[in-house]
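Everything on this sheet refers to the single structure shown next.
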Amino acid sequence: MAVSMERVTCSICKRGEAFFFRRYSGERLCKRCFVKSIEGKVRATIAKYDMLKFNDRVAVAVSGGKDSVSLLHILAKIEEDYPKSSLVAVSVDEGIRGYRDEALKIAEENCKKLGVEHYITSFKELYGFTLDEIVAALKGKGENHLTPCAYCGVLRRKALNTVAREAKANKLATAHTLDDEVQTVLLNMLHGDVMRIAREKPFTDETHPKLIRRIKPFCEIPEKETALFAYVKKVKFQTVPCPYASEALRNDIRFFLNRMEEKHPGIKFTIFNSAEKIKLALEKIGAKENLKECSLCGEPTTQELCKACGMLQKIETA
Ligand code: SF4
Ligand code: ZN
Ligand code: ZN
């Protein structure tokens, strides 16, 4: 929330002019202290979940949007403190005409500016189809097909793991914010898929040698603040929304959570912390997955066929 009225000083440095009121903590922050607080929060999250080791090779998933570009900038700064570690960026071109091309260009520009190596893969290269082709193939087939986002999500998850492995990374950092995490918890509950809550962790377990461990250093930072960070730091990011953005239920949940947060500041953190407790409880009752390799592509999966191969088979027969 922007602070207007007369000049209000920053709660931290007591000198700068406050431009942001953090309702859940009661702090009023100047731009400098705000940036420092976000960087400090990311460092604290990394320490809390023991996400990084001094010699890690971290792949940051960069889509070109505000969250991923901000994460790249912050991790590039943190990485400077660890001479034995290294950082690369990885991107997936889903093949969405007029949308992803621009985002990738922006991702590339940010990588160049920071001197970070950038690895790109595409749906076309990995699966033989662009997302546009998948959507066209499934259109009007009369069956109860999933949304473009459902295909995109599964195929991108696998592609990110593949490209991170090619980049020889041992950690894959994604820019999921507190909002993303809390929305996903509620979404899984509303879909009746409670076991998925246990799988979406801030730092995933080591479950299979082919599965790069994922970290979410923004998991305790509200989306509003990652966006503000990008504006204040003047980082370039893509603002155009994806033409297929259609997750109706997630949008309803986002709207609901934002209203709740307005009325009850800090409620998103409460849900996040509740989900962490649920995850611990699920672990105790042995909700861990046993991974084997997909009989078609060899990637880790709980089923005979991984989700991506299952989807691709559907597309080929569509
Ligand atoms: Fe993919 Fe949906 Fe995101 Fe578009 S909005 S990039 S289709 S997940
Ligand atoms: Zn200040
Ligand atoms: Zn497979």
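Order of listing sets the numbers, starting from 1, for every ligand and every atom in it.
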Once rounded to 10°, what is the value of the angle centred on the Zn ion (ligand 3) between C309 SG and C297 SG? 110°
Near L131 (heavy-atom distance under 4.0 Å), the atoms of ligand 1 are 7 (S)
Backbone N/O of I267 and side chain of E261: donor-acceptor pair under 3.5 Å: yes
Got V62 and N110 here, is their nearest side-chain heavy-atom distance under 4.5 Å? no
shortest atom 3 (Fe) of ligand 1-to-protein heavy-atom contact is with R156 NH1, 4.1 Å
Rounding to 0.5 Å, atoms CD (Q238) and OG (S63) come to a distance of 8.0 Å
Minimum-distance protein heavy atom relative to atom 2 (Fe) of ligand 1: C149 SG, 2.4 Å
Main-chain N/O of P222 paired to E225 side chain as donor or acceptor, under 3.5 Å: no
Top protein contact for atom 8 (S) of ligand 1, by heavy-atom distance: C152 SG, 3.7 Å
Taking the Zn ion (ligand 3) as the apex, C306 SG and C294 SG span an angle, rounded to 10°, of 120°
T147 near ligand 1, heavy-atom distance under 4.0 Å? no
If you measure from CD1 on I315 to CD on E133, what distance do you get to the nearest 0.5 Å? 10.5 Å
Return yes when atom OH of Y82 has more than 12 non-hydrogen atoms of other residues, nucleotides or ligands closer than 6.0 Å, and no otherwise. no
Of all the atoms in C242, is at least one N, O or S atom closer to atom 4 (Fe) of ligand 1 than 2.8 Å? yes
Closer than 4.0 angstrom, basic N to acidic O: yes or no for K201 and E276? no
Short list, please: which atoms of ligand 1 are under 4.0 Å from a heavy atom of Y244? 7 (S)
